[in-house]
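Have a look at the structure below, then the notes.
Letters A, B, ... are given to chains in the order of the sequence lines, protein chains preceding strands, and every chain is numbered from 1.
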Number of protein chains: 2
Amino acid sequence: MNWKMADRAEKMNPSVIREILKVTEKPGIISFAGGLPSPKTFPIAAFTKACANVLGSDGEAALQYAASEGYGPLREWVAASLPWDIDPAQVLITTGSQQALDLIAKILIDKDSRVLVETPTYLGALQAFTPMEPEFVSVASNAGGIDLQDLAAKAAGARFLYLLPNFQNPTGNSMNEASRAALSAAAARLGVPIIEDNPYGDLWFDAPPPLPLTARNPEGCIYMGSFSKTLAPGLRLGFLVAPKALYPKLLQAKQAADLHTPSFNQRMVHEVLKDGFLDQHVPTIRALYKAQRDAMLAALEANLAGSGVTWNKPDGGMFLWLKLPKGMNAVDLLPLAVERNVAYVPGAPFYSGTPEHNTLRLSFVTSTVEQINTGIAALAQVFSENQR
Amino acid sequence: MNWKMADRAEKMNPSVIREILKVTEKPGIISFAGGLPSPKTFPIAAFTKACANVLGSDGEAALQYAASEGYGPLREWVAASLPWDIDPAQVLITTGSQQALDLIAKILIDKDSRVLVETPTYLGALQAFTPMEPEFVSVASNAGGIDLQDLAAKAAGARFLYLLPNFQNPTGNSMNEASRAALSAAAARLGVPIIEDNPYGDLWFDAPPPLPLTARNPEGCIYMGSFSKTLAPGLRLGFLVAPKALYPKLLQAKQAADLHTPSFNQRMVHEVLKDGFLDQHVPTIRALYKAQRDAMLAALEANLAGSGVTWNKPDGGMFLWLKLPKGMNAVDLLPLAVERNVAYVPGAPFYSGTPEHNTLRLSFVTSTVEQINTGIAALAQVFSENQR
């Protein structure tokens, strides 16, 4: 048969991480490689009760086709939960926040459109944007955020700047108040719209992060949020908040993509949320993840201080970012780590431009303190045995 | 801010049906306009039990991120349920079968690619394909299926032919064995791949439909199915079966679109399905819909025989297709019908090319026999008062 693939399909490639992580599929391995939240945090009892309530009181509506915009009470909950003035009519419920990236790409990216991203950035966003064939432009970034000079140099004609200001994936870095204020002003001056992705913002350890960029300029930003890290990812529930002028096209893209996000899941999550459940639940996630971050930082200090390996100290989220001495390559070292029963994700796939091969991402959320101690000690041995 | 929309966004328009149906939003109206299954058929008790079982026995996995391909046992169930030889590795679980259309469009349609569709065709497919900017080519069709001469004349360079051989939306028409055999041979000879969409195939009334087109040429077809009409649409669960050569790109598109279909929903549906539930359940849907189709056919005969209005007799599914005398316009008549408390969907939006303005779609599945009798009598009055 004459199957002929679309040009864009040529640019779509299997997830590099998925391929890399095949090597880590080994029973009993201590994995710092995952991007998964800890299943210990899933409120199974609350979901069980919510399922019974929703099906018992509202089963026919929960199982029927529904509006593409999302379930009204959940849209209202989202609007009320965010720290700036939002009309629920600006909220679009999505099938995970990954889908928000797909919809945004469809309405804002033409072939060869310039799309600005952090260095490094979330791999899933690169994958979601790629089918619309943008030209990715990697803006210099450091632990404090985007380099504004580099942004100014690269802004001309950019469709948008995509970034994660809180506990970024992959680095775990966050932007402070001064960086946000400066970036918001710069983006407005340069006329660059911002796509603000915030799946991890609720997972702060000591103090809530500063105001979102979107709160500072709602007409210039699309904001993305998720219930995957505060409740559970397996329900695939996310949302976006868009300026009213953009909303209709996003809605049409949503309708074409999957008609609507499962009505049952939306009601189930709203049933869990509606009486302030997150106020008690999220602090338990923060406490768990903070204890494990502390354990990982202590283990890194104990095993790698003075070795030339450096790392950051994330204030929340799930990830920590390690830099090996120049010349070392985290992809090459991964099989050696796996031999010692420990896994991580090399940093290279997270770069849209030239990768830093000496970087890697460690998740501290799915391993126990004991596993963290054992795993980091094993990693330190691999690094020291393979110094360059 | 310098928001600049993608060119494709210009082509995306609000659902015409959605706009048209706003006029039908009136309390107490008898609506034959919906595309929704009857909520009476939703197995709420079975779902309630399944939720408790899944969360009780396998809650952490059901709530965690999962493979983009879908839940293994559900993929195996799908492969085993279809009447040709399928490797479960060819099955991709999608967020409703609407998403399958989106993924297919992404990997097979370039700007201005020729996409062949029936006359008329499923509006949701036109919406799903439109963002990839195809040139739609409407192939002449009648109650027996595609006109093969017209297909041959239009086949050159076509990326695929999209069609619904069973109880089509909007017409309710089905292809018989001879038409399928001839179309399958013609498509193979012309080298035209087929996208076979089959959401309604299980809803036959007297005899199961003939073998799918895909069963006749699995390498030349992508097959799409859904649980929306046999279980419930609010869970958004569909699937596609693709030739192995195409599967990897569809999988990459799926991963980029929403990572995976909700793992909870997949397990919940598999829990309901696994012990042969559909064998008892689907016959109850068939019986209900058949009784209502019979009532509608009887009411049409009683009220419209000899009026110049004609209609088909669907052997299954949800819809019936009416033709008014030439010169009458179903869009213009709709407000008059709504005044009399009855609604339908005009046929025009289902045509990718020149519409037949005298056509309309009636759903017989969500109205009681009494409502059908009252509603068809009211429609007949509207038609007779507005003859041309």
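Summarising the geometry of A/Leu63 relative to B/Ala232, their closest heavy-atom pair is O-CB, 3.5 Å, with the distance given to 0.1 Å. Heavy-atom minimum distance, B/Pro233 versus A/Gln64: CG-OE1, 3.3 Å. In terms of heavy-atom proximity, A/Met5 sits nearest to B/Asp110 at O-OD2, 4.0 Å. Summarising the geometry of B/Tyr65 relative to A/Ser228, their closest heavy-atom pair is OH-CB, 3.6 Å, with the distance given to 0.1 Å. The minimum heavy-atom distance linking A/Ala128 with B/Ala256 is given by the pair CB-O, 3.7 Å.
We find the CE-CG distance between B/Met268 and A/Asn265 to be 8.0 Å, quoted to the nearest 0.5 Å. Within the model, atoms CG of B/Leu101 and CG of A/Asp258 stand 11.5 Å from one another, a figure rounded to the nearest 0.5 Å. Atom CD1 of B/Ile107 and atom NZ of A/Lys4 lie 12.0 Å apart (nearest 0.5 Å). For the atom pair CG of B/Asn2 and CZ of A/Phe160, the computed distance is 14.5 Å after rounding to the nearest 0.5 Å. Summarising the geometry, atom NE2 belonging to A/His260 is positioned 11.0 Å from atom OG1 belonging to B/Thr95; distances are rounded to the nearest 0.5 Å.
B/Lys106 pairs by the salt bridge (charged side-chain N to carboxylate O under 4.0 Å, His left out) definition with A/Asp102, B/Asp102, not counting sequence neighbours.
Among A/Gln127, A/Gln99, A/Arg236, the one residue that satisfies the side chain to side chain contact (heavy atoms under 4.5 Å, CB included) test with B/Leu259 is A/Arg236.
Proximity to chain A (any heavy atom under 4.5 Å) is shown, for B/Ile222, by both the backbone and the side chain. Of the two parts of B/Ala62, only the backbone, made up of N, CA, C and O, holds a non-hydrogen atom closer than 4.5 Å to a non-hydrogen atom of chain A. Contacts of A/Thr261 with chain B are made by backbone atoms alone, with heavy-atom separations under 4.5 Å and no side-chain atom involved.
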Show which side-chain atoms of residues 38-49 of chain A pair as donor or acceptor with protein atoms under 3.5 Å away, not counting sequence neighbours.
unit_1	atom_1	unit_2	atom_2	d
A/Ser38	OG	A/Lys40	N	3.2
A/Thr41	OG1	A/Ser38	O	2.7
A/Thr48	OG1	A/Ile44	O	2.7

Show me the side-chain donor-acceptor pairs of residues 237-249 of chain A shorter than 3.5 Å, one per line, residues at least two apart or across chains.
unit_1	atom_1	unit_2	atom_2	d
A/Lys244	NZ	A/Asp87	OD2	2.8
A/Tyr247	OH	A/Arg75	NH2	3.1
A/Tyr247	OH	A/Val91	O	2.8
A/Lys249	NZ	B/Ala9	O	2.7
A/Lys249	NZ	B/Met12	O	2.4

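Note: A/Glu60 leads A/Glu60, A/Gln266, A/Glu10 in heavy-atom pairs under 4.5 Å with chain B. Taking B/Leu190, B/Thr130, B/Leu36 one by one and counting their heavy-atom pairs under 4.5 Å with chain A, the maximum is reached by B/Leu36. Contact tally against chain B (heavy-atom pairs below 4.5 Å) for A/Gly234, A/Ala105, A/Pro131: the top residue is A/Gly234.
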Item to complete: Please test B/Gln255 against A/Gln98 for side chain to side chain contact (heavy atoms under 4.5 Å, CB included), starting from the C-alpha separation and ending with a verdict.
Response: CA-CA 9 Å; B/Gln255 192 172 22; A/Gln98 183 73 22; over 6 Å; no
Practice prompt. Take A/Glu219 and B/Trp3, measure what side chain to side chain contact (heavy atoms under 4.5 Å, CB included) needs, and give me the verdict at the end.
Written response: CA-CA 10 Å; A/Glu219 290 305 305; B/Trp3 292 106; 5.7 Å; no
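Formation of a donor-acceptor pair under 3.5 Å by the A/Arg8 side chain with backbone atoms of B/Ile109 is found in this model.
Interface with chain A: from residues 50-57 of chain B, residues B/Cys51, B/Leu55 qualify, criterion being any non-hydrogen pair under 4.5 Å.
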